[in-house]
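Here the structure comes first, spelled out in structure tokens, and everything after it is commentary.
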Amino acid sequence: MLKKRPSRLICFLLLLCFIISAIPCYNTDAASKPPSFNAALTDDNMMKLLKAYDSDAYYFVSRTRKKGSTFGTWMAGSENLAEAATVTVHEEFHKYTHTFYKFDWDTGFSDKYYLGKKKNIYVSETNLFKTETVTKNLPKQYRTFRYDTYVSKGSSVSANQNGVYGLLNEFSAYYWGMHVDYALYPYYDDNVKSGSGWHHFENSYINNRDAYAEFYYWTLVYLEFARVKKPKVYKDIMNNKNYIITFDKMQKAYVSLMKKYEKKLDIVNNKYYGHNFNKNQSYGGYRVLMSQINSKKYKKVREAIKTKAKKYKKQ
């Protein structure tokens, strides 16, 4: 039986498929390429920047954007995308935790916290009291930059209204704001050619470093007061597995990030000024609060958090 020859059309299509398959495959995804340093402050450009340099920030910001979030308010007043990224990521982290909450009849509403590397955890709230209960009478030397906004008497923000849970949310948001700035170091390095051009990179570190001390300090003040004056509230908080794991994780990650960030700042300062970053730094309120954090006064609650976190991670 004779076999029919393939038609000319079939032969042409087979040849075309062969040619196409032989063409090298190049990545033409423009979204994976960072925008120019002075690109327009648009949502699309911000997403491109995050995708190119900080996969963690991109992870949760891309999800809030799909839910309709826009960044215009966060970017207003910034000179460039790198500068705008700090506030954008900070605020979108807040939105992420509250947008992707879950509800359970036993624990109520639980906020979704992003821990990095595509890992999330839900944190529910136990019985609490306002943070101002313990911070309204703090000595003046401990009332640092963010005191009035977050923990003074009558403050309406969650850091005051929701006790340690509101404090945790801000603590984590400031961490992610610092995280994106650190991740943008290569972006700065490729585009900035003067010491003054690194002003935001350096200022952001100082700002977020101070936030670390403030929210950590207020958390310890709260827990120590609860331990002594409100033992039932204290016990419930310390038995809140996901809260303890999240706080411990974020606190340790924050410390690690600050150490890495300072090494980059040393490189920048040595290049443009001939000395390390710390040479002319005034740590002011940061050192005052860190001395309190590391004091014997809060040793019991610091150790309790570590012990509980270690226990919960094994479960």
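The structure displayed is predicted, hence computed values, not measured ones.
- Residues passing the side chain to side chain donor-acceptor pair (under 3.5 Å) test with H199: none are found, sequence neighbours excluded.
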Begin with the C-alpha distance, continue with both residues' side-chain angles, and end with the deciding distance and a verdict on side-chain contact (heavy atoms from CB on, under 4.5 Å) for N160 and Y150. CA-CA 6 Å; N160 182 37; Y150 290 102; over 6 Å; no
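- Here Y283 pairs with Y286 under the ring pair (Phe, Tyr, Trp, His ring centres under 6.0 Å) rule; sequence neighbours left out.
- Defined by atom type and a distance below 3.5 Å, a donor-acceptor pair is present between the side-chain atoms of S204 and D181.
- Not counting sequence neighbours, the partners of N45 by the side chain to side chain donor-acceptor pair (under 3.5 Å) test are T42.
- Relative ring orientation between F60 and Y96 is described as tilted, the plane-to-plane angle lying within the 30° to 60° band.
- Sorted by first then second residue, the ring-ring contact (aromatic ring centres under 6.0 Å, His included) pairs that include residues 226-251, not counting sequence neighbours, are Y165-Y243, F171-F247, Y216-F247.
- For residues 130-150, every residue pair satisfying the salt bridge (Lys or Arg N to Asp or Glu O under 4.0 Å) rule, not counting sequence neighbours, is listed here: R146-E214.
- For Y312, there are no ring pair (Phe, Tyr, Trp, His ring centres under 6.0 Å) partners, not counting sequence neighbours.
- K230 NZ: 12 or fewer foreign heavy atoms inside a 6.0 Å radius.
- Residue pairs meeting the salt bridge (Lys or Arg N to Asp or Glu O under 4.0 Å) criterion with at least one member in residues 63-92, sequence neighbours excluded, are D44-R65.
- Side-chain atoms of Q251 and Y175 include no donor-acceptor pair closer than 3.5 Å.
- Both Y53 and V192 are part of a single hydrophobic cluster, where members link through side-chain heavy atoms under 4.5 Å apart.
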Step by step, would you call T64 with F93 a side-chain contact (heavy atoms from CB on, under 4.5 Å)? CA-CA 9 Å; T64 58; F93 174 81; over 6 Å; no
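- Summarising the hydrophobic clusters (Ile, Leu, Val, Met, Phe, Trp, Tyr; side-chain heavy atoms under 4.5 Å, direct or chained), the residues clustered with F103 are Y101, W105, F109.
- Aromatic ring orientation, Y187 versus F37: tilted (interplanar angle from 30° to 60°).
- Here the CZ-CE distance, from F71 to M46, works out to 7.5 Å after rounding to the nearest 0.5 Å.
- The only option from N269, N278, N276 that meets the side chain to side chain donor-acceptor pair (under 3.5 Å) definition with E262 turns out to be N278.
- Transitive grouping of hydrophobic side chains (ILVMFWY, heavy atoms separated by less than 4.5 Å) keeps F215 and F145 in distinct clusters.
- Using cut-offs of 30° and 60° on the angle between ring planes, the pair F225 and F129 is perpendicular.
- Every pair passing salt bridge (Lys or Arg N to Asp or Glu O under 4.0 Å) that includes a residue from residues 245-255 is listed here, sequence neighbours excluded: D248-K252, D248-K313.
- For Y147, there are no ring pair (Phe, Tyr, Trp, His ring centres under 6.0 Å) partners at least two apart in sequence or on another chain.
- When the ring pair (Phe, Tyr, Trp, His ring centres under 6.0 Å) test is applied to Y185, the partners found at least two apart in sequence or on another chain are W198, F201.
- By the side-chain contact (heavy atoms from CB on, under 4.5 Å) test, T107 is found to be paired with D104, S110, S124, residues two or more places apart in sequence or in another chain being considered.
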